[in-house]
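By convention in this document, chain letters (A, B, ...) are assigned in the order of the sequence lines, proteins followed by strands, and residues within each chain are numbered from 1. These values consider heavy atoms only, across backbone and side chains, with no hydrogens, waters or symmetry-generated copies. Note that this is a predicted model, so its numbers are computed, not measured.
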Protein chains: 2
Amino acid sequence: MEAALDVLCGRWATPVIRELLRGDRSFSEMRQALPRLPDKVLADRLAHLLQSGVLERRREAEWPPRSRYALTPHGRRLGPILDALRDWGEGLARER
Amino acid sequence: MEAALDVLCGRWATPVIRELLRGDRSFSEMRQALPRLPDKVLADRLAHLLQSGVLERRREAEWPPRSRYALTPHGRRLGPILDALRDWGEGLARER
DNA sequence: CTGTATCCTGAACGATACTG
DNA sequence: CAGTATCGTTCAGGATACAG
């Protein structure tokens with residue numbers, strides 16, 4: 001439980017994960033998808049999720065350098081859980 | 001989604017909710033169940049969950065005064081979601 | 001018994017500038 | 001392109017004491 005909350009509770013964690021659920025992304029593609037998210041915070045969040053085993057990075061040996069971020073199998077299993085949380089939250093908001 | 005994370009991401013939110021999933025509790029019963037949780041933080045957390053519509057308080061007109069905390073129907077619907085989060089987190093921990 | 005009143009601290013968040 | 005360096009602010013979490 002701690003581990004799960006540690007992954008999900010960062011300010012930008014779920015937007016980042018939801019974006020990657022749609023497919024692999026490079027750093028700048030993430031930037032474009034989440035324009036309000038500052039570089040440093042994006043880097044922090046990616047590093048944290050990398051270390052948590054939710055996603056992985058592939059550095060490509062080209063110029064200019066590129067990285068690709070992708071969810072691990074475990075990360076992908078968050079999809080249905082995030083959906084359930086979204087639905088639950090909407091129900092909560094509707095009821096009040 | 002915001003609403004759901006706002007409920008779950010407080011430091012002691014899930015222990016409190018899990019305890020109430022087992023049944024109604026008074027303030028001091030919560031204290032006994034979660035001895036490491038300081039009074040003020042418990043009060044803060046209960047107030048926050050009350051305001052979020054996850055649980056409700058019934059003050060009883062006796063002496064000494066008693067309060068009973070219980071999950072709302074919506075709060076109870078968190079049960080399966082918390083289970084899913086726990087399972088996911090355990091899978092994550094096991095894999096590393 | 002059920003909480004409030006104070007006060008403190010660490011860490012997350014974010015803005016800005018800079019580098020390999 | 002893909003980040004790091006630095007710095008300032010804010011605020012939840014927590015310790016302690018007290019009150020209705």
Side-chain angles (χ1 to χ4, degrees), chain A residues 1-20 22-52 54-71 89, chain B residues 1-20 22-71:
Chain A
M1 176 60 61
E2 293 170 29
L5 293 177
D6 181 62
V7 164
L8 294 183
C9 287
R11 179 95 164 68
W12 288 93
T14 56
V16 165
I17 292 169
R18 288 183 92 81
E19 183 61 26
L20 288 172
R22 321 185 95 199
D24 299 10
R25 295 287 186 269
S26 68
F27 195 90
S28 56
E29 285 168 344
M30 292 298 296
R31 254 209 291 229
Q32 287 166 17
L34 304 167
R36 317 258 309 175
L37 174 53
D39 285 5
K40 177 188 169 285
V41 181
L42 174 56
D44 286 354
R45 196 56 46 196
L46 290 171
H48 187 230
L49 294 174
L50 276 167
Q51 195 195 339
S52 302
V54 172
L55 52 86
E56 56 195 355
R57 172 174 50 192
R58 248 182 46 211
R59 299 172 187 274
E60 302 191 359
E62 53 176 323
W63 195 260
R66 280 226 157 217
S67 295
R68 303 245 86 199
Y69 293 91
L71 294 173
Chain B
M1 176 59 64
E2 293 170 28
L5 293 177
D6 180 63
V7 164
L8 293 183
C9 285
R11 179 92 165 70
W12 288 92
T14 56
V16 165
I17 293 169
R18 289 182 91 80
E19 183 62 24
L20 289 172
R22 319 185 97 199
D24 300 9
R25 294 287 187 269
S26 68
F27 194 90
S28 56
E29 285 168 343
M30 292 297 297
R31 255 208 292 230
Q32 287 166 17
L34 304 166
R36 316 259 308 175
L37 174 53
D39 285 5
K40 177 191 170 282
V41 181
L42 174 56
D44 287 353
R45 197 55 47 198
L46 290 172
H48 186 229
L49 294 174
L50 277 167
Q51 195 196 338
S52 302
V54 171
L55 52 85
E56 56 196 355
R57 172 174 49 193
R58 245 181 47 209
R59 298 172 186 277
E60 302 191 359
E62 53 176 326
W63 194 260
R66 281 227 158 214
S67 296
R68 302 245 87 197
Y69 293 91
L71 294 174

Visitor: Of the listed nucleotides (C/dT2, D/dG13, C/dA15), which one gets closest to any side-chain atom of B/V41?
Guide: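 For B/V41, the side-chain atoms sit closest to D/dG13.
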Visitor: Distance check needed: D/dA2 C1' versus A/L37 CG, whole Å only.
Guide: 14 Å
Visitor: For the pair made of CZ in A/R11 and C1' in C/dA12, what is the distance, rounded to whole Å?
Guide: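 Answer to the nearest Å: 11 Å.
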Visitor: Please report, rounded to the nearest Å, how far the C1' atom of D/dT4 is from the CG atom of A/L42.
Guide: 13 Å
Visitor: With a 4.0 Å cut-off on N to O distance, would you call B/R58 and B/E56 a salt bridge?
Guide: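 Here B/R58 does not pair with B/E56 in a salt bridge, since their nearest N and O are not under 4.0 Å apart.
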Visitor: Using whole Å, what does the distance between atom P of nucleotide D/dA12 and atom CG of B/L5 come to?
Guide: 15 Å
Visitor: Measure the distance from NE2 on A/H48 to C1' on C/dA12 and round it to the nearest whole Å.
Guide: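 So the NE2-C1' distance, A/H48 to C/dA12, works out to 11 Å.
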Visitor: In whole angstrom, what separates A/R45's CZ from D/dG3's C1'?
Guide: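 Those two atoms, CZ and C1', are 16 Å apart.
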Visitor: Out of D/dA2, D/dG14, C/dT2, which has the shortest distance to the side chain of B/F27?
Guide: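 Selected nucleotide (nearest to the side chain): C/dT2.
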Visitor: Taking the nucleotide of DNA chain D with the closest heavy atom to each, which residue, A/P64 or A/K40, is nearer the 5' end?
Guide: A/P64
Visitor: Report the distance from atom CZ of A/R66 to atom P of D/dG3, rounded to the nearest whole Å.
Guide: 11 Å
Visitor: Under 4.0 angstrom, heavy atoms only, what part of the nucleic acid is A/W63 near: base, sugar-phosphate, or nothing?
Guide: nothing
Visitor: Could you tell me how far apart A/D44 (CG) and D/dC7 (P) are, to the nearest whole angstrom?
Guide: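 Going from CG in A/D44 over to P in D/dC7 covers 16 Å.
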Visitor: Classify the nucleic acid contact of B/R57 as base, sugar-phosphate or nothing, counting any heavy atom under 4.0 Å across all strands shown.
Guide: sugar-phosphate
Visitor: Starting the side chain at C-beta, find the nucleotide from C/dG3, D/dG3, D/dC1 nearest to A/S67.
Guide: D/dG3
